[in-house]
Amino acid sequence: MAGDPHDMPFFDEDDAPRFDSARAPAPQSGPSGIAARAMAARQGHNNPPDYLKGLNPEQRQAVETTEGPVLVLAGAGTGKTRVLTTRIAHILSQGLAFPSQILAVTFTNKAAREMKQRVGILVGEAVEGMPWLGTFHSIGVKLLRRHAELAGLRSDFTILDTDDVIRLIKQLIQAEGLDDKRWAPRTFAQMIDGWKNKGLGPDEIPEGDARAFANGRGRELYRAYQDRLTTLNACDFGDLLLHPIRIFRQHHDVLAEYHRKFKYILVDEYQDTNTAQYMWLRLLAQRPKQPSSPRSRGEDAGRQMRGGANVSEASSRPSPGPADHPLPVNGERERNLVNICCVGDDDQSIYGWRGAEVDNILRFEKDFPGATVIRLERNYRSTAHILGAAAHLIAHNEGRLGKTLFTDRPDPEDPKVNVHAAWDSDEEARAVGETIEAYQRDRHKLNDMAILVRASFQMRSFEDRFIEIGLNYRVIGGPRFYERQEIRDAMAFFRVVAQGADDLAFERIVNVPKRGLGDATIRQIHDTARALRVPMLEAAGKLAESDELKPKPRAALREVAANFARWQSLLDTTPHTELAETILEESGYTDMWKNDRSADAPGRLENLKELIRSMEEYESLRAFLEHVALVMDAEQNEGLDAVSIMTLHSAKGLEFETVFLPGWEEGLFPHQRALDEGGRSGLEEERRLAYVGLTRAKKNLHLWFVSNRRIHGLWQSTIPSRFLDELPEAHVEVQEGGGSNYGGYGNPYGGGAFASGRGGFSAGRQNPYGASRFDSLGSPSGGFAGRGDQKGGAAGQERGQGGAFSNSYATPGWARAQQNRTEATSRNWGTRSGHQVERIGYGEVDSGYGAGRTSVKGRTIEGELVAKSVADQPSAFKVGDRVFHQKFGNGNISAIDGNKLTIDFDRAGQKKVLDGFVTAV
DNA sequence: CCCGTCATCATGGCT
DNA sequence: TGATGACGGG
């Protein structure tokens, strides 16, 4: 960090072109060789530069409107990232600013990486000069490291993750003499997080909130927590935003430096900003106002404090906010609008539950008067059917800015959105698997397909099924690399070495591996540290030299202290990867796992190796630790062709040719808890989530609902999601079969099978929204209002929300479904046709696998779950054997991995199947 | 300190 | 149902 040339002086580029001389030719000398090169890419005055070619008029406007506040409402698949990156390229190549004068913030590291990469493609290495492109938090750290002392910290403060925070809070709660069962540390950590999301410090939280925890001692506890962080020279994630906000408010000179520095501000995913982020942006974006407009001052202050029970702080100071502070204004009539460009989509705001305020984007024009609002509605991703379905669904929300996506490439051949019904989640998984295989047979790549679920527990049935049929899949967003125990332990060792004062890390590993240091000893170290006002590591060293301890712990402690002293002495002389290895070896940590008999020990050792390997990219141990604190994700291996399984939340921003959306049932989607806690706005957020799901698909979209789902171990009958009823008939095709229905491909299980008398969806249950047209789907009569046999009799019962459809509450199908309910519950496979026998066969094999499936955990590889052989026994087959498979016919074995065979089928192509499914020919 | 037993509690998961 | 965490006996 220290060597970073962008890090030191603030005003090193003050000669840079100003935005008010925007159209002036680039300075002779050019900002740098790199930027100059970027400029050289610019063409003559009349021809648009290359990078503008291929933009549609709206996109181009969004790129070229560089001055003043701009809100780009970018619908799904409208080229949002392209606009952002091109805009940066445009600013650079027009010489409007140096790379270091652009502040570009994203939410996730992934988004930041992508933006950096794509800007790099446009402007070359100039992107390397963009030190202020990053996440809110990474930029926050950068700011805070520079001004740490203004927040009572040293610049080498550590960043605590959630785990550290919870442990710390637990200590505090216990120190207060409170019961940590009644007052769960986790809950309080969440409360603090919530307050920090709103920009509230201990003195600013609402009285009610303060009282709600720990017998009314919430505020004290919060304050104690902050004090403790300061003592530890540490901060949590929220502080990475809050401290800079405080600093900006209290040190106008500092803020003014950044005002002068940042000529352009760009914000990605603006709809996801929380109040703290909003304040942070406002502070940076809002230039001092002319003293001549006192009224707008007041208004502005009000807005500044919005969200705000933090009036106390505001009123306790002479000036309500730095935005109003009469700073020198470069001697010119400075506009008070900065060149801020926020890009977002109110319809994709799905993070309200963690503090995002959709309101920020809805109020943009009020916050930034005179803002240009540009709508990107031309969608390059999805078919007209998908867009039509999504548009109709999202139109049920109120309080939108309003956008309608359209495509100018409608194709009559495009498939409609498919809605399928299944009996239960197993059948759903089976049928989705069938459909995937059908697509695969049609030469669709698994990489182009994704299953997007509402809740992660839904993943299980798909994983189970895909393992059974040997279908490759990967789970995105599973347990994260840096959150694993072994990684966190190793990191704790490193942290103590790099920063001896890191008590939380020290505590984590004093007794790892076990060396007989129990609670009592640790408490003693704690007390000594407190008494002497030194870090625990130091206290431990002192204690080991004293007679305070019994011989055993004393010796152990002495060794620990000596170890750390030795490692710390190596810090500057030994390459950090080597040192890391030494630490893990000498501490006995690797041995601990080597001696561990449990099944996951080898994997953990593997992870540790991976950890060391990943350190190589970083200059120093310290740089690496910082990276990990901020970037908790690790890359996934993309090489394998596999279906992606992930939650709807983690799918935002992605796209797939073919998308499966299972679990569209009331209670699951929309999720009951979202409804309970969020009421109407909760429902609207769920609907936006549905919208996000639909708009991930480029071409093929399959929605599923089941009539029975096991929730917390209990089978519950469910009713179709109201969202299904909010889809427009014109774009939807209902697949009555329940099994796979993929044009042209026979469903091996027989499409009609599902409908054979087992259609009793919610029949026995009152649907609070009135009956759904899907209620009777799957019944023998196939009664679906949207399929030509309109239920005229029910036409009068339009629903308030999804009222575009008649319901089928009184249909024969519904009645029959009701009748069949009991029978259906018994799950009578025997009624199935010949094809179903095959499935029974599967079932038998399934149970056969039950025993062998114990090592199922073994499929976790670097955060990626991969369908993998689960049996230890080698297959009875050998490569080259000719075999027969019920479904795929004859083929030759091309590879064997345990009992998983890769077979080149004569007709069906290459498949991976388990050996139980084939017979030798 | 280790390990078995019991109770609890189940969205989303970024930084 | 099943995973996780706290507790108490060995």
Side-chain angles (χ1 to χ4, degrees), chain A residues 105-112 134-141 159-163 165-166 170 179-181 184-187 190 193 196-197 235-242 268-269 272-274 276-277 280 349-356 425 452-461 476-480 482-483 485 511-521 552-553 556 598 626-633 646-653 663 667-678 682 685-686 688-690 692-693 709-716 856-857:
Chain A
V105 275
T106 65
F107 274 84
T108 62
N109 292 295
K110 197 176 153 214
T135 62
F136 277 101
H137 290 84
S138 69
I139 290 169
V141 178
I159 302 161
L160 305 185
D161 66 20
T162 324
D163 229 63
V165 168
I166 288 171
K170 186 170 178 182
D179 179 5
D180 66 357
K181 306 263 152 35
R186 182 174 298 272
T187 311
Q190 282 162 2
D193 204 49
K196 289 189 173 178
N197 285 157
C235 46
D236 62 20
F237 279 113
D239 287 339
L240 298 179
L241 287 169
L242 274 194
D268 191 17
E269 306 279 18
D272 286 339
T273 49
N274 61 35
Q277 286 155 339
W280 188 91
S349 163
I350 55 174
Y351 285 111
W353 53 276
R354 63 181 193 211
S425 50
L452 312 181
V453 299
R454 172 67 248 262
S456 52
F457 74 83
Q458 292 174 263
M459 292 179 180
R460 233 199 94 177
S461 52
I476 313 272
R480 304 166 84 214
Y482 291 111
E483 281 167 11
Q485 186 196 338
N511 198 32
V512 175
K514 304 271 182 237
R515 18 173 105 82
L517 297 169
D519 285 351
T521 319
K552 255 188 256 164
S598 63
E626 172 120 338
H627 165 80
V628 174
L630 288 174
V631 185
M632 292 289 286
D633 61 353
M646 69 188 93
T647 63
L648 285 161
H649 281 93
S650 47
K652 192 168 74 148
L668 178 59
F669 195 29
H671 199 283
Q672 193 54 49
R673 224 165 123 176
L675 267 34
D676 293 346
E677 289 169 13
E685 184 156 308
E686 293 288 289
R688 291 192 292 266
L689 196 52
V692 167
R709 194 172 285 280
R710 197 164 46 187
I711 296 168
H712 308 331
L714 293 172
W715 282 100
Q716 314 228 282
V856 110
K857 289 273 181 243

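A note on names: the letters A, B, ... follow the listed sequences, proteins ahead of strands, and every chain is numbered from 1.
What separates CG of D239(A) from P of dT15(B) is a distance of 18 Å, to the nearest Å. Note: CD1 (I350(A)) to C1' (dC14(B)) measures 11 Å, nearest angstrom. Here the C1' atom of nucleotide dT15(B) and the CD atom of Q190(A) are 15 Å apart, to the nearest Å. A straight line from CG of D268(A) to P of dT15(B) spans 13 Å, rounded to a whole angstrom. The distance from atom CD1 of I139(A) to atom P of dC14(B) is 19 Å, rounded to the nearest whole Å. Rounded to whole Å, atom P of dT4(C) lies 12 Å from atom CZ of R186(A). If you measure from atom CZ of R454(A) to atom C1' of dG12(B), you get 5 Å, rounded to the nearest angstrom. The distance from atom CG of D193(A) to atom P of dG12(B) is 17 Å, rounded to the nearest whole Å.
E686(A) comes within 4.0 angstrom of a base, heavy atoms only. Residue F107(A) is in sugar-phosphate contact alone, with no base atom involved, counting any heavy-atom pair closer than 4.0 Å across all strands shown. Backbone-only contact: K170(A) has heavy atoms under 4.0 Å from sugar-phosphate atoms and none from a base. In this structure, A629(A) reaches neither bases nor backbone, as no heavy-atom distance under 4.0 Å exists between it and the strands shown.
Closest of all the heavy-atom pairs between L648(A) and L689(A) is CB-CD1, 3.7 Å.
When the side-chain nitrogen and oxygen atoms of N109(A) are compared with OP1 and OP2 of dC14(B), none of them lie within a distance under 4.0 Å. Within the structure, a side-chain polar atom (N or O) of K181(A) is placed less than 4.0 Å from OP1 or OP2 of dC7(C).
Projected onto DNA chain B by closest heavy-atom contact, S456(A) and F136(A) fall at different nucleotides, the more 5' of which corresponds to S456(A). Nearer the 5' end of DNA chain B, as judged by each residue's closest nucleotide, is the contact made by R515(A), out of H712(A) and R515(A).
Side-chain contact between M646(A) and L452(A) is present, with at least one heavy-atom pair separated by less than 4.5 Å. Here the side chains of L241(A) and K196(A) are not in contact, with every heavy-atom distance at 4.5 Å or above. Contact of the E269(A) side chain with the T106(A) side chain is not registered, since no non-hydrogen atoms from C-beta on lie closer than 4.5 Å. By the 4.5 Å heavy-atom criterion applied to side chains, L668(A) and F457(A) are counted as neighbours.
In this structure, the aromatic ring of Y351(A) is not positioned over the six-membered ring of the base of dG12(B) within 5.5 Å between centres and 30° between planes.
Proximity note for T108(A) (side chain, C-beta onward) versus dT15(B), dG12(B), dT1(C): the nearest is dT15(B). Between dC14(B), dT11(B), dT15(B), one nucleotide has an atom nearer to the side chain of R354(A) than all others, and that is dC14(B). Among the nucleotides dT11(B), dT15(B), dT1(C), the one closest to any side-chain atom of E677(A) is dT11(B). Among the nucleotides dC2(B), dG2(C), dT15(B), the one closest to any side-chain atom of K514(A) is dC2(B). Closest to the N511(A) side chain, of the nucleotides dC1(B), dT11(B), dT15(B), is dC1(B).
Nucleotide dT11(B) forms a pair with no other nucleotide shown, judged by Watson-Crick or G-U wobble geometry with both contacts under 3.5 Å.
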With ring pair (Phe, Tyr, Trp, His ring centres under 6.0 Å) as the criterion, how do H671(A) and W353(A) come out once you've worked through the C-alpha distance, each side chain's angles and the decisive distance to 0.1 Å? CA-CA 13 Å; H671(A) 199 283; W353(A) 53 276; over 10 Å; no

